[in-house]
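In what follows, chains are A, B, ... by sequence order, proteins preceding strands, each numbered from 1. All values reported here derive from a predicted model rather than from experimental measurement.
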Protein chains: 2
Amino acid sequence: MDVRTICLGILTRADATGYEIKKRVEEGGYRHFVEASFGSIYPALDKLTKDGLVSVRAEVQEKKPNRKVYSITKAGRSAFIAALMGPLPQDCHRWPFAFAMKFADLLPEQRIAQMLDAYTAQTENTLTQLQQAGAKPQSRGEHFATGLGRAAYGAILDYLREHRVELEVQTAEAAE
Amino acid sequence: MDVRTICLGILTRADATGYEIKKRVEEGGYRHFVEASFGSIYPALDKLTKDGLVSVRAEVQEKKPNRKVYSITKAGRSAFIAALMGPLPQDCHRWPFAFAMKFADLLPEQRIAQMLDAYTAQTENTLTQLQQAGAKPQSRGEHFATGLGRAAYGAILDYLREHRVELEVQTAEAAE
DNA sequence: GTTTGCATGTAAACGGTTACATGATTGG
DNA sequence: CCAATCATGTAACCGTTTACATGCAAAC
């Protein structure tokens with residue numbers, strides 16, 4: 001999903017500034033499915049404006065920086081739906097942790113333990129976030145998506161807890 | 001994981017040509033954890049050679065194109081281990097399908113059904129591949145990694161099967 | 001008094017994908 | 001006869017990340 005489409009999607013739910021879009025991507029239930037940084041969001045919003053898919057209004061604020069609030073247009077809504085109707089980009093699960101585990105035999109025991117600990121902690125965080133997101137009222141689609149995430153990360157966590165033992169018994173020999 | 005590190009990893013197991021590295025990434029149990037294309041592998045091997053992390057020998061073949069077989073050097077092995085000892089790049093799970101599902105309310109019923117079908121089929125394939133990979137003899141680390149993949153994709157598949165019903169009951173209203 | 005939050009933006013660098021070029025051999 | 005396999009490589013393009021620039025207000 002390119003950043004333009006992500007912006008459009010978020011704007012179908014509510015008007016927002018670039019800053020707010022970033023926040024929603026990070027905090028909302030989107031965090032685990034897509035990514036977007038300021039450096040990509042602002043140019044994306046520019047382009048969407050030029051293409052007539054969103055409109056802007058400037059809001060002057062006191063004691064806070066001025067902001068540009070974006071709204072999706074009818075054309076934008078159509079374009080977003082068209083994007084979801086067409087073929088979706090392939091999922092991309094880049095999993096350096098799993099890749100690294102394949103080479104456990106090359107690494108010292110303690111490094112393996114440390115990686116397992118870190119990854120377990122990280123997965124626990126992710127799960128907690130998804131559980132919190134799941135607690136909030138959501139549309140059917142949102143509920144389904146968070147559930148999917150919980151299912152995946154829950155299974156990963158279970159696997160880590162049950163199977164780390166297999167790796168920790170005398171994995172390492174030497175690390176050069 | 002950048003492509004250079006992926007190449008090094010694969011070369012720790014056996015010498016290979018660029019072509020073979022690509023194949024192993026695709027077929028071997030790496031497929032679901034990392035990605036690499038020719039356009040990135042060949043330049044990566046060039047750079048690794050310049051840096052002394054791999055060495056090349058040209059092999060002239062009859063009835064087949066000549067090939068360049070790469071071997072990892074001691075320095076390369078150290079560099080690979082160093083990469084695994086340092087902080088790993090963040091996992092990146094880009095999941096356009098899950099993102100799209102969040103907007104199920106904007107899409108017609110049949111499109112949702114179609115997406116669910118396609119995604120289920122795709123996940124089934126992935127699982128089958130991981131099960132086949134798991135059947136082959138593997139090192140402890142490899143076994144752990146394939147098991148992790150199976151756990152994750154298995155959970156996703158179960159979830160899809162059990163919960164698609166929630167989305168299919170009158171999701172759609174209109175699609176503009 | 002320092003960090004965090006609010007808020008927008010740019011420019012350079014990076015890594016990677018896609019498409020193209022080439023060409024013999026084998027299998028269906 | 002056509003597609004796939006083997007095999008290497010280049011170049012243009014792409015989207016994104018990272019780092020930088022700016023600056024006030026509130027909270028700790």
Ion pair check, A:R67 and A:E20, cut-off under 4.0 Å: yes
Give the rounded distance in Å between these two atoms: CG of B:D15 and P of D:dA7. 14 Å
Phosphate contact (C:dT8 OP1 or OP2) by A:T17 side-chain N/O below 4.0 Å: yes
Under a 4.0 Å heavy-atom criterion, the protein footprint on nucleotides 16-21 of chain D, written with B, S and -, is SBB---
Which ones in residues 42-63 of chain B lie close to DNA chain C, meaning a heavy atom under 4.0 Å from one of its atoms? B:K63
Look at the side chain of A:Y19 and decide which nucleotide, out of D:dG9, C:dG5, C:dG9, has an atom nearest to it. C:dG5
So the ring-ring contact (aromatic ring centres under 6.0 Å, His included) pairs with at least one residue in residues 115-138 of chain B (sequence neighbours excluded) are B:F97-B:Y119
Return the minimal non-hydrogen interatomic distance between B:K102 and A:F33, and the atom names on each side. CE-CE1, 4.0 Å
Figure out the CD/C1' separation between B:E26 and D:dC6, and round it to whole Å. 14 Å
Give the rounded distance in Å between these two atoms: CZ of B:R24 and P of D:dA7. 11 Å
Is there a side-chain contact between B:K64 and the phosphate of C:dT26, meaning an N or O under 4.0 Å from OP1 or OP2? no
Where the side chain of A:E20 is defined as all heavy atoms beyond and including C-beta, which of D:dG9, C:dA7, D:dC6 is the nearest nucleotide? C:dA7
I need the minimum non-hydrogen distance between B:M1 and B:L88, along with the two atoms involved. CE-CD2, 3.6 Å
Nearest-Å distance for atom pair CD/P, residues A:Q90 and C:dG16: 19 Å
Taking only side-chain nitrogens and oxygens of A:K23, does any of them come within less than 4.0 Å of OP1 or OP2 of C:dG5? no
Any donor and acceptor pair, going by atom type alone, linking the side chain of B:R94 with main-chain N or O of A:V34 inside 3.5 Å? no
Could you tell me if A:T5 and A:D2 have a donor-acceptor pair between their side chains, going purely by distance under 3.5 Å? yes
On a heavy-atom basis, which atom in A:G18 and which in A:L45 lie closest, and how many Å separate them? CA-CD1, 3.6 Å
Taking A:E26 first and then A:R31, would you say they form a salt bridge - that is, a charged N and a carboxylate O separated by under 4.0 Å? no
Do B:R150 and B:L127 touch side chain to side chain, with heavy atoms closer than 4.5 Å? yes
